[in-house]
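Data block below; observations after.
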Amino acid sequence: MRTNIVTALTAAALIAGTVAAPAAFAGTTTAQAYTCHYSEQGVYTYAGYYGGNTVIPSSTGVSSAGIEAQCLLRAAGFDPGTIDGVFGANSKAAAKAFQSHVNDRSGYHVLDVDGIVGSDTWPELRYYVGAHW
């Protein structure tokens, strides 16, 4: 009997912990507003969430790459909407506008204008923010 009570209490605690877990740890797509923390390393700017150049921000869930890209786009003057880590329609439109701007300024095709912040766009975005911020 005592074993059954301990087992039941342990199971209840585990279930309660899962239900009460913060969204960031529960793997949900719940969005919240994030604050950008800019720093420069050489000619590149970082916003404190993702330091690489290869991960493509997710349009279906919160990601550190999504927060980073949104912060950098905002600092570059291209409004992605709320900095929530979900790279949705507003963020993609801002990325497309940035990609077009880079191509227009250089006078030739540098970036695909697809709204995807990937291995070609990350360095351009980090450099642009560093040079114009």
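Predicted model only: the values in this text are computed from it and were never measured. Because only heavy atoms are used, hydrogens play no part in the values below, and waters and symmetry mates are left out as well, while side chains stay in.
- Y46 has its ring centre no less than 6.0 Å from the ring centre of Y38.
- The shortest side-chain heavy-atom distance between D120 and D112 does not fall under the 4.5 Å cut-off.
- Shortest non-hydrogen contact noted between V129 and A75 is CG1-CB, 3.8 Å.
- Counting heavy atoms from C-beta on, the side chains of C36 and I83 come closer than 4.5 Å.
- Expressed to the nearest 0.5 Å, how far OH of Y50 lies from OG of S64 amounts to 8.0 Å.
- For E68 and R126, the salt-bridge test passes: some basic side-chain N is under 4.0 Å from an acidic carboxylate O.
- Taking 4.5 Å as the limit, some side-chain heavy atom of K92 sits within range of a side-chain heavy atom of S59.
- When all heavy atoms are compared, the tightest approach of G118 to P123 is O-CD, 4.5 Å.
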Apply side chain to side chain contact (heavy atoms under 4.5 Å, CB included) to N53 and S119, showing your working.
CA-CA 5 Å; N53 287 323; S119 60; 5.7 Å; no
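- Nearest approach of P57 to S63, heavy atoms of both residues: CA-OG, 4.1 Å.
- When atom types are taken as modelled, the side chain of S106 and the backbone of N103 share a donor-acceptor pair closer than 3.5 angstrom.
- Counting heavy atoms from C-beta outward, F87 and I116 have side chains that stay 4.5 Å or more apart.
- In summary, the side chains of Q32 and D84 do not present any donor paired with an acceptor at a separation below 3.5 Å, with no hydrogens or angles considered.
- Contact annotation: the side chain of F98 approaches that of L125 to within less than 4.5 Å [non-hydrogen atoms, C-beta and beyond].
- In summary, K96 and D114 do not engage in a salt bridge, as defined by a charged side-chain N under 4.0 Å from a carboxylate O.
- A pairwise comparison of heavy atoms in A65 and V55 identifies CB-CG1, 3.7 Å as the closest pair.
- Of all heavy-atom pairs spanning Q99 and G115, the tightest one is OE1-N, 2.9 Å.
- For the atom pair CG (L73) and CG (D79), the distance works out to 9.5 Å, reported to the nearest 0.5 Å.
- Note: H101 and F78 meet the aromatic proximity criterion, with ring centroids under 6.0 Å apart.
- Here the side chain of Q70 pairs a donor or acceptor atom with the backbone of G85 at under 3.5 angstrom.
- The nearest pair of heavy atoms linking L111 to E124 is CD2-CG, 3.9 Å.
- Grouping the Ile, Leu, Val, Met, Phe, Trp and Tyr side chains by contacts below 4.5 angstrom, directly or via other members, places I56 apart from V110.
- In this pair, Y44 and Y127 present their aromatic rings perpendicular. The plane angle is above 60°, beyond the 30 to 60° band.
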